[in-house]
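Bear in mind that the values here come from a model prediction, so they are computed numbers and not experimental data. Each chain gets a letter, A, B and so on, in the order its sequence line appears, and its residues count up from 1.
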2 protein chains.
Amino acid sequence: MKRYATLKDVAKLAGTTAATVSYVLNEKEGRYISDETRRKVLEAAEQLEYVKSIGASSLKGKSRKLIAILIPQFENQFFTRIVVASEEVFVKHGYDLIICNTFDKPEREKAILNRMIQQRVDGIILTPTKMGTENTKLLRKVGMKMVVVDRPLPGVKDFFWVATNNYGCGFVGAHYLFSKGHKRVAYIGWNSGIEDLEARKRAFFDAADTYGISQDSLIVAEGGFSAEEGCRLTSYVLEKHPEVTAIFYGFNIQALGGVTCLSQRGISIPEELSVMIIGSPEWIMAGKNDFTHVDMNDLELGRKAANLLLSQIQAEGDVPFQHIIQDCSLIEGSSVRDIR
Amino acid sequence: MKRYATLKDVAKLAGTTAATVSYVLNEKEGRYISDETRRKVLEAAEQLEYVKSIGASSLKGKSRKLIAILIPQFENQFFTRIVVASEEVFVKHGYDLIICNTFDKPEREKAILNRMIQQRVDGIILTPTKMGTENTKLLRKVGMKMVVVDRPLPGVKDFFWVATNNYGCGFVGAHYLFSKGHKRVAYIGWNSGIEDLEARKRAFFDAADTYGISQDSLIVAEGGFSAEEGCRLTSYVLEKHPEVTAIFYGFNIQALGGVTCLSQRGISIPEELSVMIIGSPEWIMAGKNDFTHVDMNDLELGRKAANLLLSQIQAEGDVPFQHIIQDCSLIEGSSVRDIR
DNA sequence: TCTGTATAGGCAAACGTTTGCTTATAAGTA
DNA sequence: TACTTATAAGCAAACGTTTGCCTATACAGA
């Protein structure tokens with residue numbers, strides 16, 4: 001690889017000094033530059049294909065113009081949408097995005113966060129793993145600008161948080177099912193070990209309660225976060241609890257495996273079984289599919305997170321901590337039968 | 001934001017010099033360090049929460065450990081899969097990924113590429129827009145390590161290329177349709193202005209030819225790259241050419257809109273109309289969907305691109321240019337009726 | 001005692017920018 | 001003429017690393 005031209009190279013060709021070149025190229029005011037010099041500098045820079053090194057200029061205190069975003073699941077459209085939406089905001093403000101996949105593994109998260117500090121990024125958007133509080137300790141100590149998305153940092157008092165109202169999502173979905181007369185309902189979920197996500201399940205029980213449905217008629221099946229697990233859990237429910245009339249999927253990746261599994265078994269939705277899902281992956285309304293689901297407005301979540309981070313970065317002093325909890329909305333499809 | 005501790009800070013606390021600290025922390029051999037000094041340095045670094053600045057060290061000729069990947073459509077799973085797969089490879093080798101969305105807009109591409117040189121990334125993976133040849137001129141001149149993915153750089157002789165055999169994809173899909181007895185078939189595609197992608201359409205005609213089907217019985221409808229356009233084009237075909245028995249979608253995003261539109265119109269697949277699609281987005285086999293399609297092995301494409309870039313980066317001298325063209329495979333679903 | 005070598009670590013230049021300080025000329029004003 | 005001010009641009013330090021070069025001590029062998 002060839003060497004990049006430096007300010008000095010340009011200066012030499014233009015018959016001036018690096019300082020002058022720097023002033024010309026950065027269009028800094030407060031310094032007098034003759035038209036003649038400006039022209040020569042511009043010409044020389046052009047000819048040598050000069051491109052400044054952000055690394056070097058950031059040494060002098062300039063911003064690196066880099067934002068890092070860490071998400072736990074790249075295969076989950078909920079997160080890729082957050083990325084897309086925030087990227088749009090950042091790019092508009094001249095920032096580039098380093099996107100990393102933690103695979104929900106705490107060690108990966110720790111390693112990546114450390115590298116992001118090494119890169120001296122201007123800010124971080126993070127959906128923490130279950131070790132997030134521990135892993136962000138250093139970030140919080142050095143005062144790295146950070147916005148936490150989706151899941152909170154348990155035990156931490158002050159942080160910027162943009163999230164979905166998980167309890168609300170669970171409640172609105174479950175409520176709809178019960179309102180259509182379903183009494184034997186199974187909740188399929190992810191045993192993530194992440195407290196905040198459990199709210200979906202709690203809401204499910206609470207919604208049942210408002211309909212006077214006892215816990216005994218409710219089934220809960222939890223397992224790993226994958227389509228395969230979704231299929232396995234679904235099969236389990238079908239076999240052990242043939243009496244259920246509806247399944248409530250708390251997580252869209254499991255739902256994907258689950259409903260595909262149902263179709264393959266020839267179970268017709270909603271005639272034989274009703275289905276409700278939290279989340280809005282593309283497939284949910286694609287082609288022959290038309291699932292009733294709870295939308296979390298993923299894109300808006302991403303935009304809010306990006307703007308919150310930018311406001312921190314651009315602020316002179318401290319910005320007061322903020323928690324933005326976004327509500328969800330129920331999208332009615334044709335996967336829930338009215339059995340009243 | 002607090003100042004990060006520097007080598008000097010650590011050195012002062014440990015009672016030594018920056019040089020020694022650097023040697024200790026980088027575990028460089030060839031320099032004698034007493035256990036006592038090492039201990040003190042490590043302790044001081046720990047205490048001050050020292051994190052090295054990659055920016056500064058890259059000034060001294062060290063790699064920045066950054067790879068950029070530019071894709072044109074973030075909402076297209078074909079590309080996000082390439083990103084995921086290559087990320088895994090890169091991270092394993094200690095590289096971070098800057099992921100950017102060009103939105104298929106040449107100006108964006110140009111601006112982003114320029115910023116990537118400013119960031120002095122170690123290499124770039126790029127799916128070029130139609131102005132790619134022009135926009136990568138500088139990159140090629142400065143000898144930036146680069147792998148082009150999916151679409152070629154027309155007019156450029158030497159570049160690393162990892163792509164799908166677009167002609168092959170078109171042929172295998174079309175061939176299958178004709179083999180099932182379809183004679184009046186519509187091809188719905190994207191008028192991208194990108195030569196290489198046109199191969200899909202050419203293959204469609206060629207496949208028809210091998211079955212002795214004349215051009216007159218074939219329909220071509222082309223438009224923009226979006227689900228909405230897919231729906232519009234589909235409606236157009238249905239209305240203007242009710243005689244078609246099958247639709248061949250050349251691009252998955254258009255297909256999404258198209259088949260959803262078909263379902264909403266109550267047209268049953270494959271009883272009333274057969275459908276073939278190039279690409280394997282998640283929805284294609286999800287839930288009630290089971291579309292016959294042409295798989296491009298997106299993940300493998302990403303892995304190959306990443307490895308090709310790494311081999312360039314790690315090589316001492318020049319690596320011979322390479323074109324890797326990957327074949328596709330037909331996945332049989334239930335969306336094509338046998339009407340022989 | 002002298003030389004050689006293994007061990008330990010300091011000093012300072014360099015990487016490519018940015019910017020405060022300084023100098024030099026020309027033109028305007030008292 | 002002397003003093004100010006506007007215009008133009010050079011010099012060098014600094015940012016945080018890395019690394020070649022040098023110095024110093026200790027101990028071994030001759």
Exercise. Is there a donor-acceptor pair closer than 3.5 Å between any side-chain N or O of A:Thr127 and the backbone N or O of A:Asp150?
Worked result: no
Problem set entry | Rounded interatomic separation in angstrom, taking CD from A:Glu27 and P from C:dT17 | 17 Å
For this session: Compute whether any side-chain donor of one residue and acceptor of the other, for A:Asp122 and A:Ser63, lie under 3.5 angstrom apart.
Result: yes
Exercise. Looking only at heavy atoms, which two atoms of A:Ala18 and A:Ala11 are closest? And how far apart?
Worked result: N-CB, 3.5 Å
Exercise. Does a donor on one side chain and an acceptor on the other come within less than 3.5 Å for B:Thr129 and B:Glu109?
Worked result: yes
Exercise. Hey, does B:Thr6 reach any base, or is it just sugar-phosphate, or nothing, if we go heavy atoms under 4.0 Å?
Worked result: sugar-phosphate
For nucleotides 8-11 of chain D, give me every protein contact, N/O to N/O, under 3.5 Å, one pair per line with atom names.
| residue | atom | partner | partner atom | Å |
| --- | --- | --- | --- | --- |
| D:dA9 | OP1 | A:Ser34 | OG | 3.2 |
| D:dA9 | OP1 | A:Thr37 | OG1 | 2.4 |
| D:dA9 | OP2 | A:Ser34 | N | 2.9 |
| D:dA9 | OP2 | A:Ser34 | OG | 3.4 |
| D:dA9 | OP2 | A:Thr37 | OG1 | 3.2 |
| D:dA9 | N7 | A:Arg31 | NH2 | 3.4 |
| D:dG10 | OP1 | A:Thr16 | OG1 | 3.4 |
| D:dG10 | OP2 | A:Thr16 | OG1 | 2.4 |
| D:dG10 | OP2 | A:Thr17 | N | 3.0 |
| D:dG10 | OP2 | A:Thr17 | OG1 | 2.9 |
| D:dG10 | OP2 | A:Thr20 | OG1 | 3.0 |
| D:dG10 | N7 | A:Arg31 | NH2 | 2.7 |
| D:dG10 | O6 | A:Arg31 | NH1 | 2.7 |
| D:dG10 | O6 | A:Arg31 | NH2 | 3.3 |

Exercise. Is the ring centre of B:Phe79 less than 6.0 Å from the ring centre of B:Phe74?
Worked result: no
Exercise. In residues 47-59 of chain A, which residues come under 4.0 Å of DNA chain D by heavy atom?
Worked result: A:Leu59
Exercise. Atom CG of A:Leu25 and atom C1' of C:dT19: how far apart are they, to the nearest Å?
Worked result: 15 Å
Exercise. What integer distance in Å separates A:Leu7:CG from C:dC15:P?
Worked result: 13 Å
Problem set entry | Six-ring centre of B:Phe159, B:Arg140 cation under 6.0 angstrom, axis tolerance 45° | no
Exercise. Does one side chain, of A:Asp298 or A:Gln77, offer a donor that lies under 3.5 Å from an acceptor on the other?
Worked result: no
For this session: Let me know the distance between NZ of B:Lys65 and P of D:dT17, rounded to the nearest Å.
Result: 18 Å
Exercise. Once each nucleotide of nucleotides 22-28 of chain D is scored for protein heavy atoms under 4.0 Å, what B/S/- sequence comes out, 5' to 3'?
Worked result: -------
Exercise. Are A:Lys28 and C:dT19 close enough that a side-chain N or O sits under 4.0 Å from OP1 or OP2?
Worked result: yes
For this session: May I ask you to verify if any side-chain N or O of B:Lys62 is less than 4.0 angstrom from the OP1 or OP2 atom of C:dC15?
Result: no
Exercise. Would you say the side chain of A:Leu25 lies within less than 4.5 Å of the side chain of A:Tyr50, judging by non-hydrogen atoms?
Worked result: yes
For this session: Could you walk me through whether B:Glu107 and B:Lys110 pass salt bridge (charged side-chain N to carboxylate O under 4.0 Å, His left out), step by step?
Result: CA-CA 5 Å; B:Glu107 326 82 65; B:Lys110 187 166 184 184; over 6 Å; no
Problem set entry | Separation between CD1 of B:Ile67 and CD1 of B:Ile98, rounded to the nearest 0.5 Å | 9.5 Å
Exercise. Are OP1 or OP2 of C:dG16 and a side-chain N or O of B:Lys60 less than 4.0 angstrom apart?
Worked result: no
For this session: Report the distance from atom NZ of A:Lys8 to atom P of C:dT17, rounded to the nearest whole Å.
Result: 10 Å
Exercise. Between C:dT17 atom P and B:Ile117 atom CD1, what is the distance in whole Å?
Worked result: 13 Å
Exercise. Distance under 6.0 Å and angle within 45° of the ring axis: does A:Lys28 meet both against A:Tyr23?
Worked result: no
